[in-house]
**Student:** 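Quick one: the structure is below, and I'll ask about it shortly.
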Amino acid sequence: MEYKFTADNFESEVLKSEVPVLVDFYADWCGPCKMMAPVIAQLAEKYEGKVKVGKCNIDEEDGLARVHRVMNIPNMKVFVKGEVVGNIVGAVSQDVLEAELKKVL
């Protein structure tokens with residue numbers, strides 16, 4: 001299941017999560033973000049129950065983008081126990097993202 005992270009649920013779903021979380025900070029107008037969408041969806045299915053995988057729209061959640069210093073998108077951050085332990089900026093292959101996830105599993 002692919003999560004939608006917002007200001008309302010970010011603390012409970014990401015920062016206080018019992019499992020690692022991959023957050024894709026994106027925007028609807030961003031071409032590389034659109035390229036990453038199917039990769040994020042596949043990871044959400046593949047790692048369900050082991051990692052929460054979801055998206056945060058920076059146009060709708062600009063406060064979260066500022067707090068987490070999202071300057072460029074797509075920007076995928078891996079959180080463990082509320083801390084950012086991985087950060088990948090730009091369109092990358094599924095293998096690159098999986099390698100980042102495997103570091104925390």
Side-chain angles (χ1 to χ4, degrees):
M1 175 179 103
E2 190 174 307
Y3 289 80
K4 180 178 180 181
F5 300 121
T6 66
D8 291 336
N9 71 6
F10 202 85
E11 185 175 348
S12 63
E13 293 291 349
V14 177
L15 301 179
K16 293 183 177 178
S17 176
E18 296 292 322
V19 297
V21 183
L22 173 67
V23 180
D24 174 20
F25 290 92
Y26 78 102
D28 290 331
W29 49 264
C30 167
C33 298
K34 291 178 184 177
M35 289 172 39
M36 291 305 298
V39 174
I40 298 299
Q42 288 172 354
L43 290 174
E45 281 185 39
K46 185 172 183 176
Y47 287 92
E48 187 158 359
K50 297 177 188 166
V51 178
K52 286 184 187 177
V53 177
K55 302 168 89 57
C56 179
N57 185 321
I58 64 162
D59 288 331
E60 296 171 0
E61 304 297 339
D62 60 326
L64 285 174
R66 264 188 313 237
V67 166
H68 296 286
R69 296 182 178 96
V70 176
M71 303 295 182
N72 298 299
I73 53 173
N75 189 322
M76 286 74 62
K77 294 186 183 283
V78 179
F79 290 80
V80 174
K81 297 182 179 166
E83 299 294 322
V84 176
V85 297
N87 188 34
I88 298 170
V89 179
V92 296
S93 70
Q94 183 168 338
D95 291 341
V96 170
L97 284 175
E98 285 197 65
E100 199 66 30
L101 292 178
K102 288 177 181 172
K103 291 178 188 177
V104 298
L105 289 176

**Student:** Linking I/L/V/M/F/W/Y whenever their side-chain heavy atoms sit closer than 4.5 Å, directly or via other members, would Val84 and Leu43 fall into one cluster?
**Tutor:** no

**Student:** Are Leu15 and Val80 connected in a single hydrophobic cluster, I mean Ile/Leu/Val/Met/Phe/Trp/Tyr linked by side-chain heavy atoms less than 4.5 Å apart?
**Tutor:** no

**Student:** Side chains of Tyr26 and Ile58, heavy atoms from C-beta outward: is any pair under 4.5 Å?
**Tutor:** no

**Student:** Do Pro20 and Leu105 have side chains that approach each other closer than 4.5 Å (heavy atoms only, starting at C-beta)?
**Tutor:** yes

**Student:** Should Val39 and Val96 be regarded as members of a common hydrophobic cluster, given that ILVMFWY residues are connected when their side-chain heavy atoms come within less than 4.5 Å of each other, either directly or indirectly?
**Tutor:** yes

**Student:** Is there a path from Val85 to Leu97 through hydrophobic residues (I, L, V, M, F, W, Y) whose side chains come within less than 4.5 Å of each other?
**Tutor:** yes

**Student:** Yes or no on side-chain contact (heavy atoms from CB on, under 4.5 Å) for Met76 and Val92, after CA distance, side-chain angles and deciding distance?
**Tutor:** CA-CA 10 Å; Met76 286 74 62; Val92 296; 4.2 Å; yes

**Student:** How many angstroms lie between CG in Asn72 and CZ in Phe25, if you round to the nearest 0.5 Å?
**Tutor:** 13.5 Å

**Student:** With a 4.5 Å limit on heavy-atom distance, are the side chains of Asp28 and Asp59 in contact?
**Tutor:** no

**Student:** Give me the atom names and distance for the closest heavy-atom approach of Cys33 to Pro74.
**Tutor:** SG-N, 3.6 Å

**Student:** Work out which heavy atom in Glu61 is nearest to a heavy atom in Ala7; give both atom names and the distance.
**Tutor:** OE1-N, 3.0 Å

**Student:** Would you say Glu11 has more than 12 foreign heavy atoms packed within less than 6.0 Å of its CD?
**Tutor:** no

**Student:** Can you tell me how far the CZ atom of Phe5 sits from the CD atom of Glu60, to the nearest 0.5 Å?
**Tutor:** 14.5 Å

**Student:** Is the shortest side-chain heavy-atom distance between Glu98 and Tyr47 below 4.5 Å?
**Tutor:** yes

**Student:** For the CG atom of Asn57 and the NZ atom of Lys4, what is their distance to the nearest 0.5 Å?
**Tutor:** 7.0 Å

**Student:** State yes or no: do Val14 and Leu64 share one hydrophobic cluster built from I, L, V, M, F, W and Y residues joined by side-chain heavy-atom distances below 4.5 Å, directly or via other members?
**Tutor:** yes

**Student:** What is the distance from atom CD1 of Ile73 to atom CG of Asp24, rounded to the nearest 0.5 Å?
**Tutor:** 9.0 Å

**Student:** For a quick test of reading the model, state the closest non-hydrogen atom pair linking Val53 to Ala44 and the distance between them.
**Tutor:** CB-CA, 3.7 Å

**Student:** Within a strict 4.5 Å, meaning less than it, do heavy atoms of the Val19 and Val51 side chains meet?
**Tutor:** no

**Student:** Are Val21 and Lys77 packed together at the side-chain level, in the sense that at least one heavy-atom pair is separated by less than 4.5 angstrom?
**Tutor:** no

**Student:** What distance separates Leu101 CG from Lys50 NZ, expressed to the nearest 0.5 Å?
**Tutor:** 11.0 Å

**Student:** To the nearest 0.5 Å, tell me how far Gln94 CD sits from Met36 CE.
**Tutor:** 8.5 Å

**Student:** Measuring only between side-chain heavy atoms, which start at C-beta, is Glu100 closer than 4.5 Å to Leu22?
**Tutor:** no

**Student:** Check for a donor-acceptor pair, side chain of Lys52 on one end and backbone N or O of Glu13 on the other, with a separation under 3.5 Å.
**Tutor:** yes

**Student:** Is there a side-chain contact between Met71 and Val89 (heavy atoms, below 4.5 Å)?
**Tutor:** no

**Student:** Answer with yes or no after comparing the ring centroid distance for Phe10 and His68 against a 6.0 Å cut-off, counting only values under it.
**Tutor:** yes

